[in-house]
Amino acid sequence: MLIVGLTGNFGMGKSTVAEMFREQGAHTIDLDEIVRKLLYEPEVIDEIKKVFGDDIVEGDYINKQLLADAVFNYPHLRIALEDILHPKVFTYVEQEINELKKVGRINIVVIEAPVIFERGYQNRFDIIIAVHTTEEAAIERLNDRGISEEEARKRLKSQFPIEMKVAKSDYSIDNNGTVEDTRDQARDIYQRLYEIDVRQGNN
């Protein structure tokens with residue numbers, strides 16, 4: 001089984017590419033989706049309150065807008081939040097991968113992980129793929145999701161430059177063109193991943 005990290009910066013199309021890999025037979029895991037689930041767990045809420053204060057909670061739930069404002073304005077708070085969440089996220093991932101190994105029919109697992117390089121998680125993956133666009137294209141996509149240009153630029157600035165991620169990755173996918181252009185690249189890379197998995201004797 002190949003464990004593949006799919007990275008990139010905000011608004012550059014990781015989820016779109018992940019869906020393309022899923023169509024070809026990969027099992028995909030979205031770390032952001034795991035985080036969203038964790039934010040409803042009482043234990044996690046209590047840990048976040050200790051760092052961010054009681055005002056971060058409304059009723060029994062985290063105010064996600066306040067949390068986002070805090071972490072994108074203050075890097076030390078973003079790191080503190082990641083320190084709370086990431087160990088729990090990877091526990092979830094390990095459990096899911098162990099279940100897949102029991103089933104035995106999945107050869108490629110693609111994990112959407114935006115901060116692989118920022119947090120030094122490279123060694124958790126066999127292969128890393130970076131999805132990239134121009135910053136302006138990413139900002140336009142984020143605008144379409146209701147995120148202002150100022151907020152979009154702030155979010156992008158909180159991550160490593162995409163050029164660095166592309167240079168450090170095993171493969172990259174240029175998502176500036178058409179959907180079919182992107183799909184062709186994803187199809188080609190998936191075939192390479194499958195061949196690597198076969199050479200390693202996992203089939």
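Because the structure is a prediction, the values reported are computed rather than measured. All heavy atoms count here, side chains included; hydrogens, waters and symmetry mates do not. Throughout, numbering of the chain's residues begins at 1 and tracks the sequence.
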**Fill in**
One should read off an interatomic distance between T91 OG1 and I34 CD1, to the nearest 0.5 angstrom, of 10.0 Å
**Request:** Measure from the side-chain N and O atoms of Q24 to the backbone N and O of M20, and report whether any donor-acceptor pair falls under 3.5 Å.
**Result:** yes
**Prompt:** Any chance the side chains of E163 and H132 put a donor and an acceptor closer than 3.5 Å?
**Reply:** no
**Prompt:** Should E135 and K157 count as an ion pair when the cut-off is N to O under 4.0 Å?
**Reply:** no
**Request:** Name all pairs fulfilling the side chain to side chain donor-acceptor pair (under 3.5 Å) condition that reach into residues 68-80, sequence neighbours left out, sorted by first residue then second.
**Result:** Q65-D69, N73-K154
**Item:** From NZ (K64) to CG (L39), nearest 0.5 Å
**Value:** 6.0 Å
**Message:** Donor-acceptor pair, distance only, cut-off 3.5 Å: does the side chain of T182 make one with the backbone of N175?
**Reply:** no
**Item:** Side-chain donor-acceptor pair present, N176, T133, cut-off under 3.5 Å
**Value:** no
**Asked** Any salt bridge between K50 and E47, counting N to O under 4.0 Å?
**Response** no
**Prompt:** With a 3.5 Å cut-off and no angle check, do the side chains of Q191 and E195 form a donor-acceptor pair?
**Reply:** yes
**Message:** Check this for me, if you would: do D144 and R141 make a salt bridge, where the nitrogen-to-carboxylate-oxygen distance has to be below 4.0 angstrom?
**Reply:** no
**Request:** Using a strict 4.0 Å threshold on nitrogen-to-oxygen distance, state whether E41 and K88 make a salt bridge.
**Result:** no
**Message:** Does E140 have more than 12 heavy atoms from other residues, nucleotides or ligands lying within 6.0 Å of its CD?
**Reply:** no
**Prompt:** Would a distance-only check, ignoring hydrogens and angles, find a side-chain to backbone donor-acceptor pair under 3.5 Å from D126 to L2?
**Reply:** no
**Prompt:** Does E112 reach the main-chain N or O of T28 with its side chain, forming a donor-acceptor pair under 3.5 Å?
**Reply:** no
**Request:** Look at the side chain of S148 and the backbone N and O of E151, then say whether any donor-acceptor pair between them is shorter than 3.5 Å.
**Result:** yes
**Request:** Would you indicate whether the side-chain heavy atoms of R124 and I3 approach each other to under 4.5 Å?
**Result:** no
**Request:** Verify, without hydrogens or angle tests, whether N107 (side chain) and D197 (backbone) share a donor-acceptor contact under 3.5 angstrom.
**Result:** no
**Message:** Does the plane of the ring in F72 sit parallel, tilted or perpendicular to the ring in F10? Use 30° and 60° as the thresholds.
**Reply:** perpendicular
